[in-house]
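Side chains included, hydrogens not; waters and symmetry mates left out as well; all remaining heavy atoms used.
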Amino acid sequence: MAVFSAVKNKKQTKGAMAGVLNYISDSNKVYYNDIPLRTGINCNYYSGFAEMCLTKQQYKKDDGRQFYQFVQSFSEEDNVTPLEVHQIGLELAEKLFPDFEVMVATHCNTKHPHNHIVVNSVSFKTGKKLHQNHDILMEQRMVNDEICMAHGLSVLEKYQKLKRGQALNQKECRAAQRGQSWKLQLIATIEDALLYSTDRESFIHNMEYEGYEVNWSDTRKYITYTTPEGYKCRDNKLHDDTYLKGNLEKLFIFRQETGFKPLTYEPPEGWLGEMQAHYGLTEDVISLGKNLESMGDVKPPLTPKVWTDRKQKQRENLKKLAAGHKLQSEQEQDFEMQM
C-alpha cells in the first residue's frame, strides 16, 4: 500500500527549513547503487534552499510558514525499487505542486523505501502562498492513489483500530513477516531516529521528519506516538524497556555526559544495557557513601544490573522483525513465549 501523509513541522523558520532539507538529503539515506535519489523540481536540488529564500524575498513573503513537508511511503508487498519510488514521488510532486519549488528525496536505508517531499510555501510563478488543510490533504491522497494504481501498486485501505494493549502475539509476528506490522515499523523508525539523536528535541524532530507525531510531555508518564496512518501507541506497548520514557531520558543524559556522536551504533544488548552498566556503578558509589554517613557499618554495594541472555535474545528477535528479517520457526516460538 502507498501512504501519503503531512508532517507537522511546528517550527517555521528558514533555519528549520534548512534543517529539514539537510535531513532528507543525508547521504547515508538517499544513495541506491551509488546513485543519489534526490531531485529538485522547479529548482536545482543543490541550490534549492537559496532559490526558495529568493522567491520569498522577491514577493516580500518572508514571514509565517516557510515550507511544507510530506512523506510518501510504500509497502513491501508492492515490491517496488527505490528508483521506482523516486519516480512516483516526482510524478506526485509535479502533479500537486506545479507552481512551487519542491525537493524530493528517497530514503533507501530502511526496509521500506519512502519519499520525503518538501515544498516552498510561496509560489515562484504567482507569489501566492500554499495553503493546506484536512480536505486538501484528502484530495492529495486521492491523487497519490491514482498515480500508485497506475503503476500497479496497492493503496491504503481504511484501517481498523487495534485493541489497546494488544501484545505482540503470533498474529502480529505473522504480520511482521509480511511487512504489515505498523508497530514494528514504528520501532524501526525509533531505532533509526536514535542513531542521529543527541537529546529529546532532536529525537522528536527526527521522528517528525519521518511523519510520526511524538507526544512527550513532562507531565505525562508515557510517550505517545502517532504513525502516518493514524495509529497511536504508548512507549510501554513497544515490547522493550529501552523505549520507555524514563530510560530514553537517562539515555540522553548519558549521551551528553559521554559526548555521543550521531551514527554511533548501539551495543548488542541495546542502549539500556550500556546505561545500566554506567549508572549501576554510579548508584553503588552513592549507596556506599550513604551507608558510611548513616551507619558506620558499610553494606556491600549492589551488583550492577546485568542484561540477561533471555532479555538480550528477546531484543535481538524484536529488532530482527523490526528490520524486516524473518525468524526461524524455533525463534518464533521462543519469542512468543518470552512475550
Q: Kindly indicate whether a cation-pi arrangement holds for R65 with Y68, taking the cut-offs as under 6.0 Å to the six-membered ring centre and within 45° of the axis.
A: yes
* Asked: Using 30° and 60° as the class limits, which term best fits the ring planes of Y23 and H116: parallel, tilted or perpendicular?
  -> perpendicular
> Any salt bridge between K14 and D62, counting N to O under 4.0 Å?
Replying inline: yes
Criterion side chain to side chain contact (heavy atoms under 4.5 Å, CB included) on D26 and Y196, from CA distance to verdict: CA-CA 11 Å; D26 188 336; Y196 296 84; 3.2 Å; yes
V119 and I41: same hydrophobic cluster, using ILVMFWY side-chain contacts below 4.5 Å? yes
Scanning both residues in full, the closest heavy-atom pair of G48 with C43 reads CA-SG, 4.1 Å
Residues 35-61 vs ring-ring contact (aromatic ring centres under 6.0 Å, His included), sequence neighbours excluded, gives none
> Same cluster for L21 and V104 if Ile/Leu/Val/Met/Phe/Trp/Tyr side chains link at under 4.5 Å?
Replying inline: no
So CD of Q72 and CZ of F70: to nearest 0.5 Å the spacing works out to 11.5 Å
For M142, look at atom CE and say whether over 12 heavy atoms of other residues, nucleotides or ligands are found less than 6.0 Å away.
no
For residues 31-40, the side-chain hydrogen bond (donor to acceptor under 3.5 Å, both in side chains) pairs (sequence neighbours left out) are T39-H86
Check this for me, if you would: do D218 and R200 make a salt bridge, where the nitrogen-to-carboxylate-oxygen distance has to be below 4.0 angstrom?
yes
### Query
Is the distance between the ring centroids of Y212 and Y225 less than 6.0 Å?
no
When E210, Q185, H114 are each screened for side-chain contact (heavy atoms from CB on, under 4.5 Å) with S73, the one that passes is H114
